[in-house]
Amino acid sequence: MPNLKDPTLLREECWLGRGWEGAQETLTVTDPADGRVIARVPKMGAAETSDAIAAAAEAFPDWAARPAKERSAILRRWFELMLEHADDLAALMTAEQGKPLAEARGEAVYAASFAEWFAEEAKRIYGETIPSPSRTSRLLVIRQPIGVTAAITPWNFPAAMITRKAAPALAAGCTMIVKPAEQTPLTALALARLAEMAGIPHGVFQVITGDAREIGGVLTESDVVRKLSFTGSTEVGRILMEQSAPTIKKLSLELGGNAPFIVFDDADLDAAVEGAVVSKYRNAGQTCVCANRLYVQAGVYDAFAAKLAERVGQMKVGRGDAPGVTIGPLIDADAMSKVEAHVADAVEKGAQVLLGGKRSQVGPVFYEPTILTGVTQAMRVAREETFGPVAPLFRFETEDEVIAMANDTEFGLAAYFYTENARRVWRVTEALEYGMVGHNTGLISNEVAPFGGVKQSGLGREGSRHGIEEYLELKYLCSAIG
Ligand SMILES: NC(=O)c1ccc[n+]([C@@H]2O[C@H](COP(=O)([O-])OP(=O)(O)OC[C@H]3O[C@@H](n4cnc5c(N)ncnc54)[C@H](O)[C@@H]3O)[C@@H](O)[C@H]2O)c1
Ligand SMILES: O=C[C@H](O)CS(=O)(=O)O
């Protein structure tokens with residue numbers, strides 16, 4: 001475990017309504033780079049989840065009744081504390097998730113930005129007046145917090161996926177119970193420690209670790225929990241959607257992706273290579289918006305492949321806390337098996353390995369940054385989210401052909417394309433069936449823009465002015481004055 005500047009950020013207890021709580025049974029937290037146990041956290045279950053829901057319900061009225069400016073100031077303090085402790089948050093993320101330290105620090109700042117943004121949005125939850133159709137009535141709309149909410153989050157962005165939910169929830173006046181991924185609880189618990197330091201009252205923000213199915217079952221079945229925000233695989237999103245149906249919960253689902261990355265003949269190839277690198281290899285390819293399929297127009301295919309290989313060949317595989325490392329470990333052996341299966345399937349069906357294509361010597365869950373050529377739609381990499389540092393290059397001839405291939409998936413989260421043709425920008429942007437599109441860039445995520453997907457990549461949006469609407473209900477008043 002790294003030495004933290006503030007050791008109180010390393011928590012092996014849950015942050016619940018009554019404060020920090022342990023449990024007889026614990027779950028181990030391991031460093032993915034070498035499998036070492038770095039901490040133990042409580043294995044909480046149904047009883048503790050029910051208690052957390054009760055505490056959240058008890059805290060809700062006062063938190064919702066506070067002036068928005070007061071909630072805003074507390075969220076702002078949480079933001080400031082995240083920035084002040086960014087190095088410690090980064091050290092915890094690298095220790096339990098494996099990402100390179102520089103990326104982890106970037107995530108700490110990114111996570112903090114959601115608290116900053118929604119501290120501001122808290123003060124702008126406006127209502128509406130509506131011109132009445134009659135002389136004797138007056139109509140208006142107010143926005144109110146939905147109440148007790150829950151969040152279930154993934155391991156790949158242990159900090160940002162929590163604040164992207166908790167910040168708007170608390171800004172709106174809701175209370176939130178977070179169940180982080182079992183692989184990355186330490187970052188979540190450190191955020192809880194910072195929430196405690198920021199003065200977020202007990203019960204308003206809780207972090208519970210333990211049995212995912214058991215905790216998730218109680219959260220989804222409870223009629224007190226009026227909103228569930230989930231980020232994770234589409235498969236689990238379906239399960240939670242089904243479990244939430246009996247209580248008609250409001251849902252936000254940020255699910256799987258299968259991003260196309262399209263390079264047209266007229267693209268700036270150097271820019272396209274840089275965009276491909278940042279989109280594909282960030283977090284060792286373990287991001288929901290990473291380029292999963294790279295479509296390159298025939299006229300520039302060989303040149304792009306060569307440039308990309310030269311650039312990727314400079315990458316360094318290793319532990320995330322080692323100097324100069326750009327590709328850290330995959331999260332676990334299952335992730336490694338999936339990446340290997342995807343590469344083997346592609347090669348078996350005729351693809352060639354231009355670079356990498358095998359496990360790194362660094363360790364059992366390290367995979368070499370890889371480029372495949374001669375890839376076709378018949379291969380698994382075309383249909384499934386690889387979630388690893390593998391760039392499969394597909395060749396295409398025409399714009400219509402590549403749009404059809406890009407849209408030939410049940411996913412619709414992010415898509416990218418490179419062209420210098422202004423007319424093509426509008427044609428391709430409007431034709432791509434995705435929630436988010438990057439033009440001449442491979443990095444689109446920030447706190448001010450609406451993040452989310454269409455089709456089976458999810459429901460709703462996070463961040464931006466839209467993100468807070470997920471935690472509000474509209475109430476319409478018709479007042480007779482005649
Ligand atoms: N769209 C986005 O913003 C976004 C962001 C990050 C990750 N993801 C997606 O998440 C996936 C990778 O993350 P992951 O492996 O953590 O996903 P996952 O779906 O396996 O797990 C996500 C969370 O759900 C919990 N969970 C799993 N099964 C559950 C159940 N039956 N009941 C209740 N909770 C359950 C896990 O403990 C974890 O906290 C990828 O598909 C990736 O694309 C999407
Ligand atoms: O994995 C997907 C996350 O949303 C990562 S990011 O928001 O694109 O940084």
Side-chain angles (χ1 to χ4, degrees), residues 27 45-46 49 93 97 99 103-104 106-111 113-114 150-165 178-185 187-188 207-221 228-244 252-259 278-279 282-292 330-332 334-335 338 384-388 411-414 416 434-436 438 441-447 449-464 467:
L27 296 172
T49 306
M93 273 187 264
Q97 195 269 333
K99 64 179 64 176
E103 281 192 34
E107 183 186 340
V109 173
Y110 174 50
S113 73
F114 289 105
I152 298 176
T153 56
W155 52 262
N156 62 338
F157 286 81
M161 296 305 99
I162 289 176
T163 59
R164 199 161 77 179
K165 299 172 189 305
V178 175
K179 202 291 299 175
E182 47 275 19
Q183 299 92 331
T184 55
T187 306
V207 177
I208 186 167
T209 61
D211 185 293
R213 287 175 186 277
E214 194 173 335
I215 294 169
V218 174
L219 292 174
T220 49
E221 284 160 10
L228 172 68
S229 181
F230 171 71
T231 294
S233 63
T234 295
E235 177 194 356
V236 173
R238 282 195 197 95
I239 293 169
L240 296 174
M241 198 173 188
E242 285 172 22
Q243 291 178 192
S244 298
S252 293
L253 299 174
E254 295 287 351
L255 306 177
N258 180 4
V278 73
S279 171
R282 181 163 66 109
N283 201 13
Q286 300 172 116
T287 87
C288 57
V289 290
C290 68
N292 201 59
L330 299 177
I331 191 66
D332 57 23
D334 287 347
K338 183 176 185 182
E384 300 170 21
E385 191 177 40
T386 301
F387 237 54
F411 295 107
L413 191 56
Y416 310 87
Y434 291 84
M436 302 176 285
T441 181
L443 201 54
I444 55 178
S445 306
N446 55 60
E447 75 281 12
F451 189 103
V454 299
K455 296 165 73 174
Q456 296 187 35
S457 285
L459 298 171
R461 293 295 184 270
E462 296 191 316
S464 79

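Whatever order the structure lists them in is the order used to number ligands and atoms, beginning at 1.
Listed by number with element, the atoms of ligand 1 under 4.0 angstrom from any heavy atom of Arg164 are 3 (O). Taking every heavy atom of Arg213 and a limit of under 4.0 angstrom, the matching atoms of ligand 1 come to 31 (N), 32 (N). Set against the non-hydrogen atoms of Phe451, the atoms of ligand 1 under 4.0 Å away are 3 (O). Near Glu182, meaning under 4.0 Å from any of its heavy atoms, are these atoms of ligand 1: 36 (C), 37 (O). With ligand atoms numbered from 1 in the order given, ligand 1 contributes 19 (O), 26 (N), 27 (C), 28 (N), 29 (C), 35 (C) to contacts under 4.0 Å with heavy atoms of Val236. Each of the following atoms of ligand 1 lies closer than 4.0 Å to a heavy atom of Leu413: 1 (N). Atom numbering of ligand 1 starts at 1 in the shown order; those under 4.0 Å from a heavy atom of Glu254 are 1 (N), 2 (C), 3 (O), 4 (C), 44 (C). The distance from ligand 1 to the heavy atoms of Gly256 drops below 4.0 Å at these ligand atoms: 41 (O), 43 (O).
The OG1 atom of Thr184 lies 7.0 Å from the CD1 atom of Ile331; values are rounded to the nearest 0.5 Å. Interatomic distance, SG of Cys290 versus CG of Leu443, reported as 12.0 Å (0.5 Å rounding). Asn258 CG to Cys288 SG: the interatomic distance, rounded to the nearest 0.5 Å, is 12.0 Å. With values rounded to the nearest 0.5 angstrom, Thr49 atom OG1 is found 9.0 Å from Asp211 atom CG. Here Thr386 contributes atom OG1 and Gln286 contributes atom CD; the two are 11.5 Å apart, rounded to the nearest 0.5 Å.
A cation-pi contact, defined as under 6.0 Å to the ring centre and within 45° of the axis, is absent between Lys165 and Phe114.
Judged by distance alone, with hydrogens and angles left aside, the side-chain atoms of Glu385 form a donor-acceptor pair with the main-chain N or O of Gly257 at under 3.5 Å. Side chain of Thr234 to main chain of Gly256: a donor-acceptor pair is present (N/O by atom type, distance under 3.5 Å, no hydrogens or angles). No donor-acceptor distance shorter than 3.5 angstrom exists from the side chain of Arg164 to the backbone of Ala159, with no hydrogens or angles considered. Side-chain atoms of Asn283 come within 3.5 Å of backbone N or O of Asn156 as a donor-acceptor pair.
For the pair Ser279 and Gly442, the tightest heavy-atom approach, listed with the atom from each and the gap, is CB-O, 3.5 Å.
Contact annotation for Pro180 and ligand 1: only backbone heavy atoms (N, CA, C, O) come within less than 4.0 Å of the ligand. With a heavy-atom cut-off of 4.0 Å, Glu385 touches ligand 1 through its side chain alone.
When only non-hydrogen protein atoms are considered, atom 36 (C) of ligand 1 lies nearest to Lys179 NZ, 3.6 Å. Of the protein's non-hydrogen atoms, Leu255 O, 3.1 Å is the one closest to atom 44 (C) of ligand 1. The protein atom (non-hydrogen) at minimum distance from atom 8 (N) of ligand 1 is Cys288 CB, 3.7 Å. Of all protein heavy atoms, the one closest to atom 13 (O) of ligand 1 is Pro154 CB, 3.6 Å. Nearest protein heavy-atom neighbour of atom 14 (P) of ligand 1: Trp155 NE1, 3.3 Å. For atom 39 (O) of ligand 1, the nearest protein heavy atom (residue, atom name, distance) is Thr153 O, 2.6 Å. Of the protein's heavy atoms, Gly232 O, 3.2 Å lies nearest to atom 9 (C) of ligand 1. Of all protein heavy atoms, the one closest to atom 17 (O) of ligand 1 is Ser233 N, 3.5 Å.
Contact residues for ligand 2 (protein heavy atom closer than 4.0 angstrom to any ligand atom): Tyr110, Asn156, Phe157, Met161, Arg164, Arg282, Thr287, Cys288, Val289, Ser445, Phe451.
Residues Ser445 and Phe157 have side chains not in contact (no heavy-atom distance under 4.5 Å, counting atoms from C-beta outward). Between Ser457 and Met436 the shortest side-chain heavy-atom distance does not fall below 4.5 Å. Counting heavy atoms from C-beta outward, Arg282 and Val289 have side chains that approach closer than 4.5 Å. Considering only heavy atoms from C-beta on, Phe387 stays 4.5 Å or farther from Leu330 through its side chain. Residues Glu254 and Leu413 have side chains in contact (heavy-atom distance under 4.5 Å, counting atoms from C-beta outward).
Contact analysis leaves Arg238 out of contact with ligand 1, as no non-hydrogen atom separation drops below 4.0 angstrom. Every heavy atom of Phe157 sits 4.0 Å or more from the atoms of ligand 1. Put simply, part of Leu240 is less than 4.0 Å from ligand 1, judged by heavy atoms.
Within a 4.0 Å radius of atom 21 (O) of ligand 1, the protein has no heavy atom.
Put simply, the residue from Met93, Gln97, Met161, Glu107 that forms a side-chain contact (heavy atoms from CB on, under 4.5 Å) with Thr187 is Met93.
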